[in-house]
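Read through the structure below, which is laid out as structure tokens, and then see the notes.
Proteins get letters first, then strands, A, B, ... in listed order; numbering begins at 1 in each.
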Amino acid sequence: MLCDDCKKKPATVDFKEVLPGKVIVLHLCEDCAHKRGLMMDRKMSPFELLQKLLAKRSAKDEQVICQSCYLSLAEFKRQGRFGCSHCIEQFRPHIENLIKQIHRSNKHVGRRPKQGVRKSFNVFKLREELRCALEKEAYEEAAHIRDRLKDFGADDVE
Amino acid sequence: MLNNIKWLVLAKQSGDSSEDREIVVSSRIRLARNLSDFPFEIKLKSKDSERLLELSRSVIEGKYLGQYIDMRKLASLERESLLECHLISPAFLKMNKPTGLYLSEDGDISIMINEEDHLRIQGLTGGLNLTDVSANVFEYEEKIGEELNYAFDEAYGFLTSCPTNLGTGLRASVLLHLPGLVFTSEVEKVLRGALQIGMAVRGLYGEGSEIKGSLFQISNQHTLGLKEEELIQTIIKLTHMITDIEKKARDTIFTKAKHEFEDKIFRSLAVLRSARIMSTDETLNLLSALRFGIGTGTIKDVSLDVVNEIMLVARPANIQLYFGQILEEHERDIRRAEYIREKLSGKSQITKTK
């Protein structure tokens, strides 16, 4: 089948749009699909899309900082990588759109971790406790929390 | 330590009886998982990465037999070999952190520790076997998850370093051999179709690698918003579709130019059986013709297992490990030709373990 637009090259892209009362079906070659602006997002891989979206920066990005690993939103945009499991919840309002665009979805529907008895150790919470303890000038308690953090190798805390 | 070819034997994608094995070379599933209590890769300090390595290792070893490989203790040739066997990723070799690799007893599962994500659990087998491979991979994932907390978010699923892996953290891929589509110049059209439905198409060694020997890798690009089973089923369906088109292309070729193609196939076999100097690329191309010949029933006295084994062992690092010595490129080409001749006459040392 030849392209509906140029009638020269073979049609390799099928485009279908459902409008009220009618359905438009187009069979186009890649060049003509480009001309109509239909190939833009489809051709970009999630990774390329991510690079493009991360390039949109704002001066405020430096001030959005993950309270657990101290990664800033600006640094996240430079590296394209999260710093820890808490970044996502702290950056959420700033990255919701980005994730939706690269995955065409914003909701996980797959498997979940099995709930079991696990020895969990939440660095994030401990750091909060440490901060409170220091504010209260409860140094003995702070030292104790710091030891527990150290046990887990998270001894980068001032 | 150059004679360590244990994983070479393990990595031979074992002979299974799955359909269309000459078209679907192998199936692979990889899961990205991070532990919630450790910073992710870019924020992981070297002391933390040591801890993570030891912790993961002890959990895995407590549950499974198999071997743990400290990547720091390997010679660069051995590291390259693991890559050639598809047991590790190219990125894994570039990590500037302590890294470890767990290999299951049968070689079907490999777990990279301290890659871009804390754990990359991978399953690999010959033929189209994504369902079995995924069952195996998920069993490991669950068992390890009994003791280690995976980073998880209600909306974004399993959390990963890179936003492109969020959700399932699952990448399913198949390696396809499509000479029919290459000869009939239909390959671009078919693969573009795959891209249109959100799949990635790559060469033999994944991202950015060249297409060689008519081998193409197809995998899912999106990891969020679909169930694992749906992602896997999409790849399976697509593989069946492409396999059918490939078979039709082969029929066309054989109706139009039977003698020409038989000639090409038998000449390739003759060169493999007689050549004295053989480069990696030439090997891949000749093996492609040979695989094609086996698939079309033209060649009956060489098995697919032999082709698969040569494809693996003939690679630059593997061939050196096979002979147990470091070889310069020219020397390598000579020894590679020697190995292939022996293998095709049935005299080689590594024999199929079945």
Side-chain touch [X]/[Y], heavy atoms, less than 4.5 angstrom:
{"X": "A:P46", "Y": "B:T223", "result": "no"}
{"X": "A:C69", "Y": "B:F40", "result": "no"}
{"X": "B:P163", "Y": "A:F76", "result": "yes"}
{"X": "B:Y156", "Y": "A:E89", "result": "no"}
{"X": "A:R104", "Y": "B:H222", "result": "yes"}
{"X": "B:Y150", "Y": "A:S85", "result": "no"}
{"X": "B:K43", "Y": "A:C84", "result": "no"}
{"X": "A:R92", "Y": "B:D153", "result": "yes"}

Which answer fits [X], side chain, backbone, both or neither, if we ask what part of it has an atom under 4.5 Å from a heavy atom of chain A?
{"X": "B:L166", "answer": "both"}
{"X": "B:L226", "answer": "backbone"}
{"X": "B:A155", "answer": "both"}
{"X": "B:T160", "answer": "backbone"}
{"X": "B:E142", "answer": "side chain"}
{"X": "B:E50", "answer": "neither"}

Practice item. Is it possible for you to check whether A:R111 lies under 6.0 Å from the centre of the six-membered ring of B:F138, through NZ or CZ, and within 45° of that ring's axis? Key: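 Geometry flag: set, cation within 6.0 Å and 45°.
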### Message
For A:I102, which atoms come within 4.5 Å of any heavy atom of chain B: side chain, backbone, both, or neither?
### Response
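Contact with chain B is through both the backbone and side chain of A:I102.
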Atom group of A:L71 that falls short of 4.5 Å from chain B, counting heavy atoms |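 It is both, since atoms from each part get that close.
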Notebook entry, point to check: For the residue pair B:Q221 and A:S45, what are the closest heavy atoms and their distance?
Noted result: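 Looking at all heavy atoms of both residues, the shortest contact is OE1-CB, 3.0 Å.
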* **Distance-minimising heavy-atom pair for B:F158 and A:R112** =>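 In this case the closest contact between B:F158 and A:R112 is CZ-C, 3.9 Å.
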| field | Atom pair OG1/CD of B:T164 and A:Q51 - distance to nearest 0.5 Å | value |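 So the OG1 of B:T164 and the CD of A:Q51 are separated by 9.0 Å.
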Among A:G110, A:C87, A:S105, A:G83, who wins on heavy-atom pairs under 4.5 Å with chain B?
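Result: the option with the highest number of such pairs is A:G83.
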(message) Are more than 12 heavy atoms, taken from residues, nucleotides or ligands other than B:K237, located less than 6.0 Å from that residue's NZ atom?
(response)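 Atom NZ in B:K237 is not packed in, count stays at 12 or less.
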| said: More than 12 heavy atoms of other residues, nucleotides or ligands under 6.0 Å from NZ of B:K227: yes or no? | reply: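 Result for NZ/B:K227: open.
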- Query: Out of B:L159, B:L224, B:I42, B:L231, which one racks up the most heavy-atom pairs below 4.5 Å with chain A?
  - Reply: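 That would be B:L224.
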Q.
So which residue, B:E116, B:K189, B:R33, ends up with the most heavy-atom pairs under 4.5 Å with chain A?
A.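 Max contact count across the listed options: B:E116.
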